Amino acid sequence: MKQIKCVLIIIGILVLVILIDTIQARIFEISPLISKKVKLEGGSSVNKGFIIDTFFCVEDKDIVTVSWHFKKSKFTCPVYEVQSTVEEKLKVKNIKIRVNDEVLDVKLEDNAATQVLIERLKQEDITINASEYGNFEKVGYLGFALPTNDIQTATKPGDVMLYQGNQITIFYESNSWSYTKIGEITNKTQDELKSILGYGGVTLVLSIN
């Protein structure tokens with residue numbers, strides 16, 4: 001009998017502790033001290049107590065909603081699409097090259113050269129006086145150097161390449177040489193490029209907008 005009484009006392013104490021823990025958690029809006037943390041989808045989490053669970057639901061990168069629910073509620077955090085950082089939202093993936101009244105849309109590669117180029121373009125447009133070379137490209141000096149990652153490349157019409165770190169080339173025919181790729185023109189055909197670039201020298205204006 002004495003053993004049974006001791007067991008009942010221990011059970012009573014445990015129940016009382018759990019109740020007090022649950023009440024103080026709800027009153028002071030904190031997680032129960034006796035709880036287990038479980039990760040949920042989308043970066044959310046839940047601290048599972050004996051009676052109530054505390055949910056930390058991630059709505060955005062810097063927004064977390066906290067709520068308390070009884071076990072039987074079957075609540076779970078909604079899965080939100082976590083928004084990108086401001087830097088990711090504003091990341092430049094395309095630039096424009098203006099030739100007279102024509103605009104060439106350039107889809108950029110993701111490399112060190114394009115990253116530095118973008119930073120320069122955020123400050124001001126870049127004008128390049130390009131000349132004809134080899135009957136397959138227009139090439140001109142940037143006026144500054146960009147990081148290089150040259151590889152032997154078989155270019156195609158529309159490719160925009162960095163040559164020797166300080167020259168920009170636009171191809172309207174093919175060539176094989178060592179270049180760092182800047183990007184490719186997406187809105188013009190080969191014949192259109194030939195017509196726009198014309199013969200001899202041409203002025204290129206690089207810009208973000």
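When reading the values below, keep in mind they use all heavy atoms of this one structure, side chains included, and skip hydrogens, waters and symmetry mates. Since we're looking at a predicted model, the values are computed, not measured.
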- In terms of hydrophobic clusters joined by side-chain contacts under 4.5 Å, are Val202 and Val106 together? yes

- Task: Treating Ile, Leu, Val, Met, Phe, Trp and Tyr as nodes and any side-chain heavy-atom pair under 4.5 angstrom as an edge, say whether Leu193 and Met161 lie in one connected cluster.
- Result: no

So how far is it from [X] [atom1] to [Y] [atom2], rounded to the nearest 0.5 Å?
| X | Y | atom1 | atom2 | value |
| --- | --- | --- | --- | --- |
| Glu124 | Ser207 | CD | OG | 12.0 Å |
| Ser174 | Glu137 | OG | CD | 11.5 Å |
| Glu119 | Leu121 | CD | CG | 9.5 Å |
| Ile118 | Leu108 | CD1 | CG | 5.0 Å |
| Lys107 | Ile182 | NZ | CD1 | 15.5 Å |
| Ile97 | Leu206 | CD1 | CG | 4.5 Å |

If we ignore hydrogens and angles and just use 3.5 Å, is the side chain of [X] paired with the main-chain N or O of [Y] as donor and acceptor?
| X | Y | result |
| --- | --- | --- |
| Asn187 | Val103 | yes |
| Lys181 | Asn149 | no |
| Lys138 | Gly200 | yes |

Where [X] and [Y] come nearest, the two heavy atoms and their spacing:
| X | Y | value |
| --- | --- | --- |
| Leu204 | Ala130 | CD1-CB, 3.9 Å |
| Thr148 | Gly165 | CG2-CA, 3.4 Å |
| Tyr172 | Leu197 | CD2-CD1, 3.9 Å |
| Val92 | Ile95 | CG1-CG2, 4.4 Å |
| Lys188 | Glu192 | CA-OE1, 3.3 Å |
| Asn209 | Arg98 | O-NH1, 3.0 Å |

Do [X] and [Y] make a side-chain contact, defined as non-hydrogen atoms from C-beta onward lying under 4.5 Å apart?
| X | Y | value |
| --- | --- | --- |
| Val160 | Thr169 | no |
| Leu146 | Asn166 | no |
| Val205 | Ile126 | no |
| Asn94 | Ile208 | no |
| Leu142 | Gln167 | no |
| Val116 | Pro147 | yes |
| Thr186 | Leu104 | no |

- Message: For Thr203 and Ile128: C-alpha separation, side-chain torsions, deciding distance, then whether side-chain contact (heavy atoms from CB on, under 4.5 Å) applies.
- Response: CA-CA 6 Å; Thr203 299; Ile128 298 173; over 6 Å; no

- Message: Looking at Glu173 and Lys156, is any side-chain nitrogen of the basic one under 4.0 Å from a carboxylate oxygen of the acidic one?
- Response: no

- For the side-chain hydrogen bond (donor to acceptor under 3.5 Å, both in side chains) test, which of Asn111, Asp150, Thr114 pairs with Thr180? Asp150

- Query: Above 12 or not: heavy atoms from other molecules or residues under 6.0 Å from CZ of Phe136?
  - Reply: yes

- Task: Take the angle between the ring planes of Tyr179 and Phe171 and call it parallel below 30°, perpendicular above 60°, tilted in between.
- Result: perpendicular

- Go through Phe144 and Arg120 one step at a time and tell me if the side-chain contact (heavy atoms from CB on, under 4.5 Å) criterion holds. CA-CA 10 Å; Phe144 54 88; Arg120 295 296 293 255; 3.4 Å; yes

